[in-house]
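Encoded as structure tokens, the structure appears first; notes follow it.
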Protein chains: 2
Amino acid sequence: MADSDPQPRPMIKVPRIPPMTVRRLSTYYRILRTLEALGDSEPLSSERMSHLTGFTAAQVRRDLAYFGSFGKRGVGYDIQELQLSLRSILGIDRQWAIALVGVGNLGMALLSYRGFSSQGFHITSAFDSDATKHGRRFGSIVVRPVEDLPRVAGEENIQMAIVTVPPAEAQRVVDQVVAAGIKGILNFAPTQLQVPKGVWLVRVDLSIEIEYLSYLLTNS
Amino acid sequence: MADSDPQPRPMIKVPRIPPMTVRRLSTYYRILRTLEALGDSEPLSSERMSHLTGFTAAQVRRDLAYFGSFGKRGVGYDIQELQLSLRSILGIDRQWAIALVGVGNLGMALLSYRGFSSQGFHITSAFDSDATKHGRRFGSIVVRPVEDLPRVAGEENIQMAIVTVPPAEAQRVVDQVVAAGIKGILNFAPTQLQVPKGVWLVRVDLSIEIEYLSYLLTNS
DNA sequence: GTTTGTGAACAGATTCACAGCT
DNA sequence: AGCTGTGAATCTGTTCACAAAC
């Protein structure tokens, strides 16, 4: 299931998807899960999805149509079926093993955050360069030296890393993550980082968010 | 300084700025601070800023030119001067008082996160709906009932709220934040929220980020 | 000579509007 | 009759390329 088949282009689809489209898919998926949990089983129209998400109906249809024809004309989208399709597209129809690097305040919070694991994202190991933290336990996870990352990544088949180290260490840590063969990195360090081709880096920068809010309050 | 002058359009500028431009300003500002800390006082060209940020030089110039003429032709941008201009534009040439609502794992992490306060963003009070948490201290901050928010917001002149409550509570909490007269909200709850006009909502959705990473790893 | 600031060209994303299917 | 899927039009953001300033 967690195969790493080495073909360059695994399937026929994917005619260059706008990043924002992919990000909206997560929202659609969450809405569908909520509706299902509420017992709603009516087919869902793009119009109704529009009300639920705040995106336009045309955008909902366009976004979904990038990946195929999931709806029935005159009817709408089947909640169950579309949910399964989105799970498959987003790659969340599987379990992901994740290493957390940097066990500071934010790192510790993410270790205990339930929102990830419920959707198949499992932080299975934690690393820190600070020797005084080594051996410390968080639930079933023991903090280890960053040097152990390559070995552990192989042993535990880790496919993602969450980086929550101070900015000055971030590039060095990311280099180690890449050297460990990990291809996906979620970076919380507020700094510009380089990764080689074939490695994906997604950045969450809280300074940018709060300064954007500051801008909006100041200039609007 | 933290005046709330009630004119609809406070200054001459602002000819509709692309949100992404504003978000890049934060990055420029951070680079400038770093350069200054390193003792670099050469004027900075858009070309050099391009190398440091990964954005194109043309984009750097266009972004800055939205707000005025900060550079000298043939020379570049003065590090000190541009830094001051960006501080003013971003509204971070002042102190912000922030209420944190929802003292769970993530909320606690943000309470101890140093990255905010060093740049003038101060979490000065914390609220939770869980009575067992009331009175608990984090440094100088005592956790209080959410019902106290309107009173405390007034007393402590709070201008922003960070919302880190479970999704099911988020809309109710945001309504209380709005009722308390707070105009800027940084929301971490993974759910769609409504705020009235004049209130700014910035969303940080970790599910979207990690699912986007999952998509990239699955489809690239 | 160098580098900005900016019209004009370009690229990308969103919305419109309707043909095509159920 | 109703709603999707999609070309075409529109809107928004980025890059080009060069005249103006130093």
Side-chain angles (χ1 to χ4, degrees), chain A residues 12-28 31-32 35 40-83 85-86 89 208 212 215, chain B residues 12-28 31-32 35 40-83 85-86 89 208 212 215:
Chain A
I12 308 139
K13 59 175 182 183
V14 196
R16 269 293 254 47
I17 313 295
M20 290 310 289
T21 289
V22 177
R23 298 170 70 89
R24 283 190 293 269
L25 295 187
S26 290
T27 301
Y28 303 147
I31 299 282
L32 291 169
L35 289 176
D40 198 326
S41 56
E42 303 280 291
L44 178 72
S45 69
S46 58
E47 191 55 53
R48 177 135 178 262
M49 183 62 100
S50 168
H51 291 310
L52 292 167
T53 57
F55 311 132
T56 67
Q59 183 143 65
V60 172
R61 295 199 298 277
R62 173 75 70 194
D63 283 344
L64 297 176
Y66 276 116
F67 298 94
S69 289
F70 300 119
K72 284 209 199 339
R73 295 174 191 222
V75 182
Y77 301 90
D78 180 82
I79 289 179
Q80 289 279 345
E81 202 179 301
L82 182 57
Q83 207 181 143
S85 302
L86 290 180
I89 292 164
I208 290 176
Y212 183 49
Y215 170 86
Chain B
I12 309 137
K13 59 174 182 183
V14 195
R16 269 294 254 49
I17 315 294
M20 289 310 288
T21 289
V22 178
R23 299 170 69 89
R24 283 190 294 268
L25 295 188
S26 290
T27 302
Y28 304 146
I31 299 283
L32 292 168
L35 290 175
D40 198 327
S41 57
E42 304 279 292
L44 179 72
S45 69
S46 59
E47 190 55 54
R48 177 135 179 261
M49 183 63 100
S50 167
H51 290 310
L52 292 167
T53 57
F55 311 132
T56 67
Q59 182 141 67
V60 171
R61 294 198 299 277
R62 173 73 71 193
D63 283 344
L64 297 176
Y66 276 116
F67 298 94
S69 288
F70 301 118
K72 284 208 198 340
R73 295 173 191 222
V75 182
Y77 300 89
D78 180 81
I79 290 179
Q80 289 279 345
E81 202 179 301
L82 182 57
Q83 207 181 143
S85 302
L86 291 180
I89 292 165
I208 290 177
Y212 182 48
Y215 171 87

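Here the structure is a predicted model, which is why all the values come from computation and not from measurement. Sequence lines set the chain letters: A, B, ... in the order given, protein chains first and strands last, and positions in each chain run from 1.
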Asp78(A) CG to dT4(D) C1', in whole Å, measures 15 Å
For atom CZ of Arg23(A) and atom C1' of dT14(C), their distance in whole Å: 17 Å
Find the distance Ile17(A):CD1 to dT6(D):P and express it as a whole number of Å. 12 Å
Separation of atom CG in Leu64(A) from atom C1' in dT4(D), rounded to whole Å: 10 Å
Verify the contact: side-chain N or O of Ser46(A) to OP1 or OP2 of dC3(D), cut-off strictly under 4.0 Å; return yes or no. no
All side chain to side chain donor-acceptor pair (under 3.5 Å) counterparts of Ser46(B), not counting sequence neighbours: Arg61(B)
Rounding to a whole Å, what distance do you find between Glu42(A):CD and dG2(D):C1'? 14 Å
Partners meeting salt bridge (Lys or Arg N to Asp or Glu O under 4.0 Å) with Arg62(B) (sequence neighbours left out): none
dC3(D) OP1/OP2 closer than 4.0 Å to side-chain N/O of Ser45(A): no
Residues which pass side chain to side chain donor-acceptor pair (under 3.5 Å) with Arg48(B), listed by chain and number, not counting sequence neighbours: Asp40(B)
Mind calculating the distance between CG (Leu82(A)) and P (dT4(D)) to the nearest angstrom? 11 Å
From CZ of Phe67(B) over to P of dG5(C), roughly how many Å is that when rounded to an integer? 13 Å
Can you list everything that forms a side chain to side chain donor-acceptor pair (under 3.5 Å) with Thr27(A)? Sequence neighbours excluded, please. none
Separation of Tyr77(A) atom OH from dG2(D) atom C1', in whole Å? 13 Å
Do Leu25(A) and Leu64(A) come close enough that some side-chain heavy atom pair is under 4.5 Å? yes
Tell me, for nucleotides 14-22 of chain D in 5' to 3' order, what letter each nucleotide earns: B for a base near a protein heavy atom under 4.0 Å, S for only sugar-phosphate near one, - for neither? SB-B-BBBB
Mind listing the side-chain donor-acceptor pairs of residues 68-80 of chain A below 3.5 Å, one per line with the distance, residues two or more places apart or on another chain?
residue  : atom : partner  : partner atom : Å
Asp78(A) : OD2  : Gln80(A) : N            : 3.2
Asp78(A) : OD2  : Glu81(A) : N            : 2.8
Gln80(A) : NE2  : Glu36(A) : OE2          : 2.4

